[in-house]
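Here is the structure we will look at.
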Amino acid sequence: MSAPTPKPTSPLGEMTGPGRFSLVGHALPWLVIAAFYFLVDDYLGLGTQVMIWVLFALSLDLALGYAGIVTLGHAAFYGLGAYAAGIFSIHVSQDPILGHFFAIGVTALFGLLSGALILHTTGVTFLMLTLVIVSIMFEIGNQARGLTGGDDGLQGIRLDPIFGVFDFDLWGHTAYIYTAVVLFIWFVIAWRLVHSPFGRSLDGIRQNARRMRAIGTPVWWRLLAIYTISAAMAGSAGALSAHATKFVGLSVLSLLTSGVVTVMLILGGTRRLYGAFIGAAIYYIVQEWTAQISPYFWEFVVGIMLIATVLFLDGGLMELGDRGARLLGGRRRAGGGE
Amino acid sequence: MSAPMALSVRGLSKNFGAISVAKSIDVDLEAGARVGLIGPNGAGKTTFVNLLTGFIRPDAGEISLGGERIEGLKAEERVRRGLARTHQINTLLTEENARDNVAIAIAEREKFAWRMMRCKPQWRQCLEEAQARLEAIGAGAIGDRRVSLLPYGQQRLLEIAIGLALKPRVLLLDEPAAGIPSSETHLIHEALDRLPADIAILIIEHDMDVIFRFAKEIIVLFQGAVLMRGAPADIAADPQVRAVYLGRTVV
Ligand SMILES: Nc1ncnc2c1ncn2[C@@H]1O[C@H](COP(=O)(O)OP(=O)(O)OP(=O)(O)O)[C@@H](O)[C@H]1O
Ligand SMILES: [Mg+2]
């Protein structure tokens, strides 16, 4: 932040996006995911859940973090993806890959249509509309018992082996790897997106939509595009959840689900992608700990963590990493970065 | 009728509730024009720019850019056709550095801002052009600096650099010198002097030094209506103009 360079010293052509990572930083989360598989065999189910929430938080990061779309409605996509995958396996085909693509398609379409309806609004109006949509979805999920099982949840999901080979075993080995692979694919997509010209324009829209209009950006279309992609990603997370647990509870469509994923993202840090990883993991770990003491204590701790993060760590827990790196003398960010 | 005007406005009108902020305004800018738009606070100058650029919808009127009617187009489509503006209050991407602010505009102009892949070579070209454009306006040194940390005068220059980066045929400058300490106004003067000759420019300013240096023709707006237009010398001498405006403001 100090000592501005008079002439450009950083090589032009670098696409300096927010938060650029060293190789070690890149490898770390994936090494943890791999190590967890071999070392903590008893908790694979938990690990799978965390990765699903990571993916969900990642989807929210694209919309909320990068594009500045302030939504509390992402549970609508997550829940829709879960129900779509579950219902598909019961009524159409037990092929998990087919069901997963079906869920992604349905949520993308729903993101596109609902986005087209509400994205011309901003701020509180938009926030309220996302709440309305998620509430309507919840009520539909509740009422359409024949299809969704209502508040009993959707049961009877059966899946064929993935590619006809990898059976969903009782211990969750297949589900874990399946989730890790899907997460990795989405991560690569998200990474490319946010470092593309498209991603830069979204970041610009978040900072100043009026500026972007003045340079000829079709703001509404850009937002609709990322909203649709983000919805598809959240739907994919929902599909993973349906497949991994072979169950869909009505709570996937609840407002609380939207709230939890938002807390995770803010805790970990928005606009860093890996923030979603840290946020979801910490959330789960602390939950496990404190819930043993008392369920109320858990809520208290989450509240404190969130307040502390917002007050002291502008960029979420990921900021800690940045500060550590700066202390070690490795200035990762270019002069203009932050 | 020979070559069409760079910008031609007929009967442009807008009411905000009971207040009429644009009363059937007619304006023509030929290619390379240097026209000043002056008027007291609240005269409707910024509103006029907003109407031209599509940030606000007019109630009535026609706007033609190079002979093509544009009043039905969205703001971004007008930019694409060559109508750019700057803002009275800095409207910049404050978390980016200055060069990226310009580069993002160039990416949009070159129509690859939709690309969802990295496009390193194109982006490098954008950055190089952005740096060149900053240098051309006398702000080459700020390329690397985060906009929120730039002095106000440099931010005003950046506004102009972004407008020029869009390669407009008409550029509307809304008070480019507003809020700049007098020690830095020379920066704006120099930047204005260096504007490409073929671009038609409408400049709004309260600083009469800037207007009389730069404009070949002046339009006086008062309560949303064109009060008078003419050569700078005639405007300065006009008693009516002095009464509503110059008499109070000019030093
Ligand atoms: N969005 C709006 N809604 C209602 N009234 C508005 C709006 N925008 C501007 N006005 C009013 O329209 C009038 C013209 O405003 P405008 O900003 O165009 O003036 P201006 O000539 O640019 O003034 P200044 O020299 O102070 O920049 C003012 O009375 C202002 O209060
Ligand atoms: Mg104004």
Side-chain angles (χ1 to χ4, degrees), chain A residues 1-18 62 66 68 120 188-222 224-226 229 271 314-315 333-338, chain B residues 53-55 74-81 84-87 90-101 103-128 130-131 140-147 149-150 159 162-163 165-166:
Chain A
M1 248 166 274
S2 56
T5 34
K7 271 270 173 184
T9 49
S10 64
L12 296 173
E14 287 294 321
M15 244 181 130
T16 49
L62 290 183
Y66 285 93
H120 62 279
V188 171
I189 293 172
W191 184 267
R192 305 218 102 183
L193 271 182
V194 303
H195 293 100
S196 70
F198 172 73
R200 294 305 295 272
S201 80
L202 294 178
D203 211 31
I205 290 170
R206 174 184 58 79
Q207 289 173 56
N208 198 329
R210 194 182 170 86
R211 160 47 65 201
M212 297 310 279
R213 281 178 75 198
I215 62 170
T217 305
V219 171
W220 186 84
W221 287 104
R222 293 273 158 84
L224 187 61
I226 196 63
I229 293 169
R271 267 179 294 122
D314 204 11
R333 291 180 165 212
E338 200 166 287
Chain B
T53 51
F55 281 65
K74 295 202 190 84
E76 65 259 26
E77 293 166 331
R78 300 185 197 193
V79 175
R80 290 264 161 81
R81 283 167 178 72
R85 69 172 295 180
T86 67
H87 298 82
N90 288 338
T91 305
L92 299 164
L93 307 180
T94 53
E95 296 170 28
E96 313 282 344
N97 66 29
R99 195 195 302 121
D100 283 356
N101 263 267
I104 288 169
I106 295 169
E108 208 67 62
R109 182 197 78 203
E110 291 299 316
K111 300 186 176 68
F112 71 89
W114 266 113
R115 300 252 186 107
M116 300 188 182
M117 285 301 191
R118 219 163 167 143
C119 331
K120 266 198 170 180
Q122 291 99 322
W123 192 258
R124 167 185 276 277
Q125 277 176 8
C126 283
L127 288 173
E128 276 164 3
Q131 184 61 34
I142 66 172
D144 273 335
R145 295 183 57 191
R146 188 184 159 103
V147 167
L149 302 174
L150 286 176
E159 277 272 342
I162 295 171
L166 298 167

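Here is how names work: the chains are called A, B, and so on, in the same order as the sequence lines, proteins then strands, and each is numbered from 1. Values below: all heavy atoms of this structure, side chains included; hydrogens, waters and symmetry mates excluded.
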Self-check item: Among the listed options B/Lys74, B/His87, B/Arg80, the residue most often paired with chain A at heavy-atom distances under 4.5 Å
Solution: B/His87
Quiz prompt | Closest-packed option against chain A by number of heavy-atom pairs under 4.5 Å, given B/Ala113, B/Ala98, B/Ala105 | solution = B/Ala113
Do the non-hydrogen side-chain atoms of [X] and [Y] ever get within less than 4.5 Å of each other?
X	Y	result
B/Leu92	A/Asn208	no
B/Thr53	A/Arg213	no
A/His195	B/Cys119	no

[X] [atom1] to [Y] [atom2] distance, which is reported to the nearest 0.5 Å:
X	Y	atom1	atom2	value
A/Arg192	B/Arg118	CZ	CZ	7.5 Å
A/Ile226	B/Met116	CD1	CE	7.0 Å
A/Ser196	B/Trp123	OG	CH2	9.0 Å
B/Leu93	A/Arg200	CG	CZ	9.0 Å
B/Asn101	A/Arg211	CG	CZ	7.0 Å
B/Ile104	A/Met212	CD1	CE	5.5 Å

Exercise. With a 4.5 angstrom heavy-atom cut-off, could you sort out which part of A/Ile205 is near chain B: side chain, backbone, both or neither?
Key: neither
Exercise. Without swapping roles, check the side chain of B/Glu95 against the backbone of A/Gln207 for a donor-acceptor pair under 3.5 Å.
Key: no
Quiz item: Between A/Pro218 and B/Trp114, what is the shortest heavy-atom contact and its length?
Solution: CG-NE1, 4.1 Å
Practice problem: Please assess A/Arg222 against B/Glu76 for the test salt bridge (Lys or Arg N to Asp or Glu O under 4.0 Å), listing each intermediate value before the final yes or no. | Solution: CA-CA 12 Å; A/Arg222 293 273 158 84; B/Glu76 65 259 26; over 6 Å; no
